[in-house]
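In what follows, a structure is listed as structure tokens, so that the remarks can point back to it.
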Amino acid sequence: MPVEAEPEDSGDNDCGREAMAQILSCSIQEAVEIENGTLETISELQAIDIDKVSLAHTVQSKIKQQLQMFLARNSLSRVPPEDILSLQQICEEHLQAARIVKIKLGDIPGEEQHVGERIQQVMVLDCGLLSGYICLLIRSGGCQAVPWYARDIVQIVSDALTTVLETCVMPVHIPANRLQTFAATEPFAALISTCVQILQLLATLASDIQFSETVLNTLEATIFRLLLADNGAEKIGLNDLRTAALDLLVQAFRHYPAQRQSIINEILLSRKKMPASQGPRDSRLEQAEASNYFRS
């Protein structure tokens, strides 16, 4: 979740910040030490070493929490630029790995034998999106001393998020019951939670940094496909995901006037595209909720 910044203190707190920086440096070094073998295996499309992926995810989770502590104290400048640069490289590689991995949930022979493989792939995707969340955290904190963003990291993360949602959440060719079975697994729940966190952070950043038109168009298209996906969202725990997506759409509407007409057009079109599985009452409730969002 995004964190609110506190005024930066001085004096005794300096020692605490230096200690925090040392802990973060150790976590980044730990991530570097496990990284080469993990990413080399994924990039070569060999068998995924799930222990390394799980370890990388654990370390990244620690790094995310530590970065949030720095941001809450307006102290990200205390982190050495070389550590931020190393973290950037690790995260971008994991994001690329998440774009390589493809999950097939359709009917295939011997499908039961592939369940474990799919769960491993979901863990790789979650690790990639967690890396994207870390990238966005650093983007939100400035770090002008680091040559961070020759490319638009918000675009990279948005593309990765779209790929994951289209692969795991919005595939139109997969029966809802099959997707619901897959969604019952713990790794899938963790992946959805990471997606929610990214959408929430993007909603916060929408007012703080300037999103490109390409980013806005990518997110807008993804959000409307997610809102209209006919896959039994309430049964696979996607209500939080849809709420976070709608919140981001509202922020785009508020802070980017050029996008307003296209958003309104999509809302009008969505009335015709409402999933057949949604009853009239559900449809009216969603439309009323959306209208209230955009009036506020």
Report task. Using the rule that two of Ile, Leu, Val, Met, Phe, Trp, Tyr join whenever any of their side-chain heavy atoms come within less than 4.5 Å, decide whether Ile23 and Phe70 are in one cluster. Result -> no
Query raised in the report: Yes or no on side-chain contact (heavy atoms from CB on, under 4.5 Å) for Ser140 and Asp208, after CA distance, side-chain angles and deciding distance?
Result: CA-CA 8 Å; Ser140 71; Asp208 297 333; over 6 Å; no
Report summary line: Here the pair of heavy atoms bringing Ala244 nearest to Leu199 is CB-CB, 3.9 Å
Requested in this report: Would you name the heavy atoms of Val59 and Ala31 that are closest together and state the gap between them?
Outcome: CG1-CB, 3.7 Å
Report summary line: Separation between CG (Leu201) and CG (Leu136), nearest 0.5 Å, reads 5.0 Å
Report task. List the steps, then state whether side-chain contact (heavy atoms from CB on, under 4.5 Å) holds for Ser131 with Ile90. Result -> CA-CA 8 Å; Ser131 294; Ile90 291 172; 5.5 Å; no
Query - Separation between CG of Asp83 and OG of Ser27, rounded to the nearest 0.5 Å - result: 10.0 Å
Query raised in the report: Does Thr222 reach the side chain of Leu161, with side-chain heavy atoms less than 4.5 Å apart?
Result: no
Report task. Taking all heavy atoms of Tyr256 and all of Gln251, pick out the closest pair and write down the distance. Result -> CD1-O, 4.4 Å
Query raised in the report: Side chain of Thr58, backbone of Ser54: donor and acceptor closer than 3.5 Å?
Result: yes
Requested in this report: Of all the heavy-atom pairs spanning Leu125 and Leu191, show the shortest one and how long it is.
Outcome: C-CD1, 4.0 Å
Query raised in the report: Rounded to the nearest 0.5 Å, how far apart are CG of Leu219 and CD1 of Ile198?
Result: 10.5 Å
Report task. Could you tell me whether the side chain of Gln200 reaches within less than 4.5 Å of the side chain of Asp247, counting heavy atoms only? Result -> no
Report task. Let me see the working for Phe224 and Ile267 under side-chain contact (heavy atoms from CB on, under 4.5 Å), right down to the final yes or no. Result -> CA-CA 8 Å; Phe224 276 106; Ile267 291 174; 3.9 Å; yes
Query raised in the report: From Leu95 CG over to Glu92 CD, what is the distance, rounded to the nearest 0.5 angstrom?
Result: 7.5 Å
Report task. Taking the side chain as every heavy atom from C-beta outward, state whether Pro187 and Asp126 have any atom pair closer than 4.5 Å. Result -> no
Query raised in the report: Under a 4.5 Å cut-off applied to non-hydrogen side-chain atoms, are Leu241 and Leu165 in contact?
Result: yes
Requested in this report: Answer with yes or no whether the side chains of Ser61 and Gln65 bring together a donor and an acceptor at under 3.5 Å.
Outcome: no
Query raised in the report: Do Leu246 and Thr243 come close enough that some side-chain heavy atom pair is under 4.5 Å?
Result: no
Query - Close side-chain approach of Gln120 to Val53, heavy-atom, < 4.5 Å - result: no
**Report entry** Backbone N/O of Gln261 and side chain of Asn265: donor-acceptor pair under 3.5 Å
**Finding:** yes
Query raised in the report: How long is the gap from CD on Gln88 to CZ on Arg139, to the nearest 0.5 Å?
Result: 12.0 Å
Requested in this report: Quickly, which of Leu137, Leu130, Leu87 forms a side chain to side chain contact (heavy atoms under 4.5 Å, CB included) with Ile63? Name it, please.
Outcome: Leu87
Query - N/O donor-acceptor pair under 3.5 Å between Gln259 side chain and Phe253 backbone - result: no
Requested in this report: Using distance alone, with no hydrogens and no angle criterion, decide if Gln155 and Thr214 have a side-chain donor and acceptor under 3.5 Å apart.
Outcome: no
Query raised in the report: How close do Gln197 and Tyr133 get, heavy atom to heavy atom, and via which atoms?
Result: O-CE1, 3.4 Å
Query raised in the report: Do Met20 and Met69 come within less than 4.5 Å of each other through their side chains, counting heavy atoms only?
Result: yes
Requested in this report: Nearest 0.5 Å please: distance from the NE2 atom of His57 over to the NZ atom of Lys62.
Outcome: 13.5 Å
Query raised in the report: Do the side chain of Arg73 and the main chain of Gln68 share a donor and acceptor less than 3.5 angstrom apart?
Result: no
Query raised in the report: What heavy-atom pair brings Ile134 and Gln60 nearest, and what distance separates the two atoms?
Result: CD1-O, 3.6 Å
Requested in this report: Check step by step if side-chain contact (heavy atoms from CB on, under 4.5 Å) holds for Asp152 and Phe211.
Outcome: CA-CA 9 Å; Asp152 187 348; Phe211 288 178; over 6 Å; no
